[in-house]
Amino acid sequence: MLDEIQKLALETIQINKQALIFLPSRASAEKTAEDLSHLTSLSQPDLEHAILKVVSSPTKQCRRLSHCIKKGIAFHHSGLTNDQKDIIETAFREGKIKIICCTPTLAAGVSTPAFRVLIKSLKRFNDRWGQDWIPVLEYLQMVGRAGRPEFEKFGEAIVIAKNEAEKEEIYEKYICGVPEDIYSKLAAEPTLRTYLLSLIASGIIRDNNSMHEFFSKTFWAHQYQDLPKLQTIINKMLTMLKDWEFITLTNSVSNNSEFTPASKLNQPKEQQMRATLLGKRTSELYLDPLTAKHLLDNLNNFTNNKKNFSLLQMISHTLEMRPLLRVKAKEQDYIQEQLVKNYDSLLKEEPSAYDLDYDDFINSIKTALFFSEWIEEKDEDYLLEKYNIRPGEVKVKLDLAEWLLYASEELSKIKNNNHAIKEIHKLRLRLQYGVKEELLALLKLKGIGRIRARKLYLNNLKDIGDIKTVDLTTLSQILGKALAEDVKQQVGEDVPKQISSKKRLGQMSLGKY
DNA sequence: GGCAGTTCTATATAGACAGCATGTC
DNA sequence: CTATATAGAACTGCC
């Protein structure tokens, strides 16, 4: 039996228009798309192929998407790679795809208007309260996708209610509702301490006076009526930044009170705030000071007997890496086993099992294991099966890892930790390409990535020297003629002119088709 | 035994922004 | 204001 969403979707196709269907989770987006795809007779075989080849080994998610898309239906959420998202958005604009089942990704990103917007539910899971109403602002963003001004005079947005009571509630809350106030992001402590440090580093805040002047002007202070409390939080953070050696506080007035009354804020005080070298660099790197401190502490223990796993666990156990890969009930034993195996690699002691942080710690082990497997050349399909991480998320996590390791490398430079600098640098390269160490030499060549490098290595071509000495015919068999010639040129071997110009032609046509 | 259909249970739950400098299949 | 949908396992009944 068809449900309301399905009826509306099929009817949209029938009148030769397009629809976006917003769903509250990625799983429902996929399932809704899959179910619909069984109900249409559209056909887009070329898209099916395009979706599959964006990763080296298509995952079950890629296959599912390709099956939907060949029937003119797509799902769209953060688990997809950017390439896949682009293909879908373009095909939708071209009218090849009729329905996109999506999460709110599509409400915020590039403009993708549709004649009709269907909203399955205005509730979504929320960490604090479980199932809860989404903000009115978000509702407006979704609804705003209905109607394409260049083609239609109007658009339709339809919200599904479970019953009469909910219908009333939705009407009151959303149709008649007003968007909630935008709350200042500064209110979150990580943002506040990051800002505070950067303001001190840039010299905008140099003492209590300029600090008060700045914060009283922000939207945050405006909303945050309780100034004494605000002052308390800021003071707490200043002390933290000082203890962590990101700033220095010099003052002639005694500083033993953390609860400076607001009334004293306006009095010019002699307390001077200056960022240290470490503080400046932390700020330039856009690091949360808490994370910077965590990295510094860990790196301090990064001695010769430590491994890549040490660094990977270090960056996995940060706020920035959240949400971490979650350890499932069935995996507990395996993860514990791996933890024991890598116990000596830890740069910080394992927290107590009663520690609030323990879950995060265990999850950081799983996350670190995922990174470890990536640099052991495991492909996307394997990673999705074993770690339940989708291609789009893999990309995001790797980017984060890259950034945090870059930051770690920079911090190590300030600390003159040469061992760490060397190891981190190598690890960054491996993460970037997803390769074992033995392939690093080959990756210096343009046009050679994890797949081709591995292929060369298997053919006993293990470094630049091997590439130089091997004959062109053999190399061509491995890489294809055009690339083989290009690579030969890169290592300084002469390739006959006429052949090399032929190569360019060949390359162009390759790129085109 | 082997399947189709059913019920039970475990699992997950939206998204994206930071540095830096270009290029994989 | 602590729910729900989904996937997959386990189970059932039937041939």
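Letters A, B, ... are given to chains in the order of the sequence lines, protein chains preceding strands, and every chain is numbered from 1.
If you check residues 393-404 of chain A against DNA chain B, the residues with a heavy atom closer than 4.0 Å are Asp399(A), Leu400(A), Glu402(A), Trp403(A), listed by number. Listed by residue number, the members of residues 411-445 of chain A with any heavy atom below 4.0 angstrom from DNA chain B are Arg428(A), Tyr433(A), Leu445(A).
Other residues, nucleotides and ligands place no more than 12 heavy atoms under 6.0 Å from the OH atom of Tyr286(A).
Of all nucleotides present, none satisfies the Watson-Crick or G-U wobble test against dA16(B) with each distance under 3.5 Å. Base pairing of dG23(B): no nucleotide in any strand meets the Watson-Crick or G-U wobble criterion (both distances under 3.5 Å).
Between Glu284(A) and Ile448(A), the one whose closest nucleotide on DNA chain B sits nearer the 5' end is Glu284(A). Where Asp132(A) and Ala27(A) each meet DNA chain C at their nearest nucleotide, the meeting point lying more 5' is that of Asp132(A). Mapping Arg64(A) and Trp129(A) onto DNA chain C by nearest heavy atom places Trp129(A) at the nucleotide closer to the 5' end. Map Arg26(A) and Gly447(A) each onto its nearest nucleotide of DNA chain B; the residue landing nearer the 5' end is Arg26(A).
Applying the side-chain hydrogen bond (donor to acceptor under 3.5 Å, both in side chains) rule to Asn417(A) yields no partners; only residues at least two apart in sequence or on another chain are considered. Under the salt bridge (Lys or Arg N to Asp or Glu O under 4.0 Å) criterion, Arg326(A) pairs with no residue, sequence neighbours left out. With sequence neighbours left out, the salt bridge (Lys or Arg N to Asp or Glu O under 4.0 Å) criterion links Lys123(A) to no other residue. For Gln432(A), the side chain to side chain contact (heavy atoms under 4.5 Å, CB included) test picks out Leu429(A), with sequence neighbours left out. With sequence neighbours left out, the side chain to side chain contact (heavy atoms under 4.5 Å, CB included) criterion links Lys378(A) to Glu373(A), Glu376(A), Tyr382(A), Leu383(A). Residues forming a side chain to side chain contact (heavy atoms under 4.5 Å, CB included) with Lys293(A) (at least two apart in sequence, or on another chain): Trp244(A), Phe246(A), Asp297(A).
Here Arg326(A) lies in heavy-atom contact (under 4.0 Å) with a base. If you check every strand for non-hydrogen atoms under 4.0 Å, Lys53(A) touches nothing. Within the nucleic acid shown, Asn388(A) comes within 4.0 Å of sugar-phosphate atoms alone, with no base atom in reach, counting heavy atoms only. Looking at heavy-atom distances under 4.0 Å, Phe125(A) makes contact with a base. Here Glu410(A) lies out of heavy-atom contact (under 4.0 Å) with every strand.
Checking each of Ile205(A), Leu197(A), Thr276(A) against Ile247(A) for a side-chain contact (heavy atoms from CB on, under 4.5 Å) leaves exactly one that passes, namely Leu197(A).
Of all nucleotides in DNA chain B, those with any atom nearer than 4.0 Å to a heavy atom of chain A start and finish, going 5' to 3', at dT11(B) to dC25(B).
dG8(C) atom C1' lies 12 Å from atom CD of Glu385(A), rounded to whole Å.
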Under the criterion side-chain contact (heavy atoms from CB on, under 4.5 Å), I'd like the reasoning laid out for Lys85(A) against Glu89(A): C-alpha separation, chi angles, the key distance, then a yes or no. CA-CA 6 Å; Lys85(A) 290 188 218 168; Glu89(A) 287 161 24; 4.0 Å; yes

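Residues in residues 438-457 of chain A take part in these side chain to side chain donor-acceptor pair (under 3.5 Å) pairs, two or more places apart or across chains: Glu377(A)-Arg454(A), Glu438(A)-Arg454(A). Residues in residues 396-443 of chain A take part in these ring pair (Phe, Tyr, Trp, His ring centres under 6.0 Å) pairs, two or more places apart or across chains: Phe302(A)-His419(A).
A distance of about 15 Å separates the C1' atoms of dT2(C) and dA12(B), rounded to the whole Å. Only the P atoms considered, dA14(B) is 13 Å distant from dT6(C), to the nearest whole Å.
Put simply, the side chain of Ser202(A) gets close to the backbone of Ser198(A): a donor and an acceptor are under 3.5 Å apart.
In this structure, OG in Ser408(A) is found 9.5 Å from CG in Leu285(A), a value given to the nearest 0.5 Å. Annotation: the span from Asp381(A) atom CG to Thr59(A) atom OG1 amounts to 6.0 Å, rounded to 0.5 Å.
Listed by first residue number, the stems of DNA chain C with at least three Watson-Crick or G-U pairs below 3.5 Å are B:1-13 with C:3-15.
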